[in-house]
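The block underneath contains the structure these notes are about, expressed in structure tokens.
For ligands, and for the atoms within them, numbers begin at 1 and follow the listed sequence. FYI, side chains are in, hydrogens and waters are out, and symmetry mates aren't considered; it's all heavy atoms of this structure.
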Amino acid sequence: MMRIAVCPGSFDPITKGHLDIINRASKLFDKVIVVVLENPAKSPTFSVNERLGFIHRVLEPFDNVEYDTYDGLLAEYVKKVGACAIVKGLRAVSDFEYEFQMDLINKQLNPEFETVFLNTAQDYLYLSSSIVKQVAMFNGDISKFIPEEIREDIVKRLCGED
Ligand code: ADP
């Protein structure tokens, strides 16, 4: 049986921290699906289509990673695609509390899958999409944080030079 994992998030935009988690998940599972979800608590900078476009470009080298978007519950999506796990990255204790709660809720909604947490790589410990956006808006160098293929487009979009 094919073991499928889902990597959910807002990916607003996708960073090297996300990519590191996706890459590591792709070695643990037969197939990984990166799914862009709308988080009602956040107002996104990039539209879902823009986010999917960036994801498409950075995922090209992976042959067992796909991407998708979903506007319902993650627990339902996992069932729909027949995944056995959700993979999430953990940066800090603050991530843990939220993720712990989400996992318990997801288990209530669908007890048939596991949430697997991968510890962040040290280089990406302080990296988040929102920090990247702040740095880029003030013309800071985001080369350490954003994959090269999409960097220029993100800077253009955030600095309003388009
Ligand atoms: P959310 O809207 O759930 O915060 P994000 O797009 O910010 O979604 O992140 C999606 C997933 O990627 C989460 O599991 C998050 O913990 C993980 N992640 C984001 N940045 C990093 C990073 N620098 N290192 C490890 N994991 C990360």
So, is [X] polar-close to ligand 1, with some N/O to N/O distance under 3.5 Å?
{"X": "L125", "answer": "no"}
{"X": "F11", "answer": "yes"}
{"X": "S129", "answer": "no"}
{"X": "P8", "answer": "no"}
{"X": "T120", "answer": "yes"}
{"X": "H18", "answer": "yes"}
{"X": "S10", "answer": "yes"}

#### Entry: Closest heavy-atom pair and its distance - H56, Y67
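Smallest interatomic distance, heavy atoms only, reads ND1-OH, 2.8 Å.
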
### Query
Below 4.0 angstrom, N of the basic side chain to O of the carboxylate: do K144 and D123 qualify?
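Salt bridge flag = no for D123 with K144.
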
### Message
What verdict does the side chain to side chain contact (heavy atoms under 4.5 Å, CB included) test give for E50 and R157, after you've listed the backbone C-alpha separation in whole Å, the side-chain angles of each residue and the deciding distance to 0.1 Å?
### Response
CA-CA 10 Å; E50 283 178 295; R157 175 72 161 63; 2.7 Å; yes

### Task
Apply side chain to side chain contact (heavy atoms under 4.5 Å, CB included) to the pair Y77 and V35, showing each step before the final yes or no.
CA-CA 9 Å; Y77 182 78; V35 62; 3.9 Å; yes

### Task
Could you note down all residue pairs passing salt bridge (charged side-chain N to carboxylate O under 4.0 Å, His left out) where residues 23-35 supplies at least one of them, sequence neighbours left out?
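Residue pairs passing salt bridge (charged side-chain N to carboxylate O under 4.0 Å, His left out), neighbours aside: D20-R24, K31-E66.
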
### Task
Give the residue, atom name and distance (to 0.1 Å) of the protein heavy atom nearest atom 4 (O) of ligand 1.
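The closest one turns out to be K42 NZ, 3.0 Å.
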
### Query
How would you list all residue pairs meeting side-chain hydrogen bond (donor to acceptor under 3.5 Å, both in side chains) that involve residues 78-88, not counting sequence neighbours?
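Residue pairs with at least one partner in residues 78-88: K88-E99.
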
